[in-house]
Engineer: 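What follows is a single structure, and I will ask about it in a moment.
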Amino acid sequence: MTGSYLGKRHGAIALGASASLFLTLALPKVAAGAGQPAAAATSPVYGVRLPKGYRDWKLISVAQENGKNNDIRAILGNDIAVKAFRSGKRPFPDGTVIVRLAWRYQSSPRNDAVFPAPQSFVAGAPTNVQVSVKDSKRYVASGGWGYGQFENGHANQDEQLTRSCFACHTNLAQSADFVFTDYSR
């Protein structure tokens, strides 16, 4: 557009003017929002991030929560977590990362049409992803664990919600190292 509008000889001047206009108008907005994506990427309190590639991690177990949650869950772990789960090592070693994916628990009319009675339930809409990271030095106050909850790929910024993670996990036996899940064989 620049070359055809101003001619080839003035293209460099127009490009320089365009860059200058961008820096004047857009850069302040980009700089003002620069902290937002980083803040949305990490959980409050613990600074936990959604791990890259977590959807390809190994399955540790599945779970269903009734009541208010009404969801089904897949619990995945990084290699350190899987090794610790399989061997029964507790406390979990630093570097363990456990990810819990949750979806609404719903009946499947399509599947039920095949069966003689309604009996099939499937994953519905996703609800959230929860992440637990073991770092005994960084998270001393929370038993060595940092927590984060993510919706649509963004960290939930509710500090009270994030703090409630450890409060709930402390109800477990110490031998579980604050982890609800056991390895499903």
Side-chain angles (χ1 to χ4, degrees), residues 34-107 120-185:
Q36 290 173 348
T42 61
S43 69
V45 183
Y46 302 103
V48 169
R49 293 180 170 274
L50 198 57
K52 291 182 181 181
Y54 71 92
R55 292 294 300 251
D56 294 324
W57 290 359
K58 290 189 171 114
L59 180 69
I60 293 168
S61 190
V62 295
Q64 176 191 351
E65 293 288 329
N66 291 321
K68 186 179 106 177
N69 289 330
N70 187 38
D71 65 24
I72 56 175
R73 304 164 174 209
I75 297 88
L76 310 175
N78 66 358
D79 289 340
I80 298 168
V82 171
K83 185 176 179 181
F85 271 109
R86 286 180 177 168
S87 69
K89 181 174 177 55
R90 303 295 181 274
F92 286 90
D94 283 355
T96 295
V97 183
I98 302 167
V99 174
R100 192 234 8 139
L101 294 80
W103 301 268
R104 288 278 166 242
Y105 182 69
Q106 67 183 38
S107 63
S120 183
F121 294 86
V122 296
T127 60
N128 60 51
V129 175
Q130 294 178 346
V131 179
S132 300
V133 176
K134 182 68 180 260
D135 185 329
S136 58
K137 291 181 179 80
R138 182 174 179 190
Y139 305 120
V140 173
S142 53
W145 290 97
Y147 301 96
Q149 180 167 306
F150 300 81
E151 290 102 16
N152 298 315
H154 301 284
N156 186 313
Q157 295 299 306
D158 183 342
E159 286 190 29
Q160 184 177 354
L161 171 77
T162 305
R163 289 184 197 286
S164 72
C165 295
F166 182 61
C168 197
H169 284 256
T170 60
N171 294 319
L172 296 165
Q174 189 168 358
S175 62
D177 192 22
F178 305 109
V179 174
F180 281 97
T181 304
D182 290 319
Y183 185 68
S184 296
R185 299 190 186 276

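Not measured: the values here are computed from a predicted model.
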Engineer: So, using side-chain contact (heavy atoms from CB on, under 4.5 Å) as the criterion, who are the partners of L50 when residues are at least two apart?
Structural biologist: Y54, V129, V131, F150
Engineer: Does any pair with a residue in residues 141-163 pass salt bridge (Lys or Arg N to Asp or Glu O under 4.0 Å), and if so which ones, sequence neighbours excluded?
Structural biologist: E159-R163
Engineer: I'd like to know if the side chain of Y139 reaches the main chain of Y46, judged simply by a donor and an acceptor atom lying under 3.5 Å from each other, with no hydrogens or angles considered.
Structural biologist: yes
Engineer: Identify all side-chain donor-acceptor contacts of residues 167-185 below 3.5 Å with residues at least two apart in sequence or on another chain.
Structural biologist:
from: H169; atom 1: ND1; to: F178; atom 2: O; distance (Å): 2.5
from: T170; atom 1: OG1; to: A167; atom 2: O; distance (Å): 2.7
from: N171; atom 1: ND2; to: C168; atom 2: O; distance (Å): 3.4
from: D177; atom 1: OD1; to: K134; atom 2: NZ; distance (Å): 3.3
from: D177; atom 1: OD2; to: F92; atom 2: N; distance (Å): 2.8
from: D177; atom 1: OD2; to: K134; atom 2: NZ; distance (Å): 2.7
from: Y183; atom 1: OH; to: R86; atom 2: NE; distance (Å): 3.0
from: S184; atom 1: OG; to: S61; atom 2: OG; distance (Å): 2.6
from: R185; atom 1: NH2; to: R86; atom 2: O; distance (Å): 3.3

Engineer: Which pairs with one or both residues in residues 61-83 pass ring-ring contact (aromatic ring centres under 6.0 Å, His included), sequence neighbours excluded?
Structural biologist: none
Engineer: Output all residues satisfying side-chain hydrogen bond (donor to acceptor under 3.5 Å, both in side chains) with S164, sequence neighbours left out; order by chain, then residue number.
Structural biologist: none
Engineer: Can you tell me if T42 uses its side chain to pair, donor with acceptor, with the backbone of V48 under 3.5 Å?
Structural biologist: no
Engineer: Applying salt bridge (Lys or Arg N to Asp or Glu O under 4.0 Å), which residue pairs with at least one partner in residues 87-100 are found, sequence neighbours left out?
Structural biologist: D71-R100
Engineer: Closer than 3.5 angstrom, by distance alone: can the side chain of D135 be matched with the main-chain N or O of G144 as a donor-acceptor pair?
Structural biologist: no
Engineer: Taking CG in N69 as the centre, count heavy atoms belonging to other residues, nucleotides or ligands within less than 6.0 Å. Is the count above 12?
Structural biologist: yes
Engineer: Can you list everything that forms a side-chain contact (heavy atoms from CB on, under 4.5 Å) with P126? Sequence neighbours excluded, please.
Structural biologist: W103
Engineer: Going by the rule side-chain contact (heavy atoms from CB on, under 4.5 Å), which residues pair with V62 if we only count those two or more places apart in sequence or in a different chain?
Structural biologist: L59
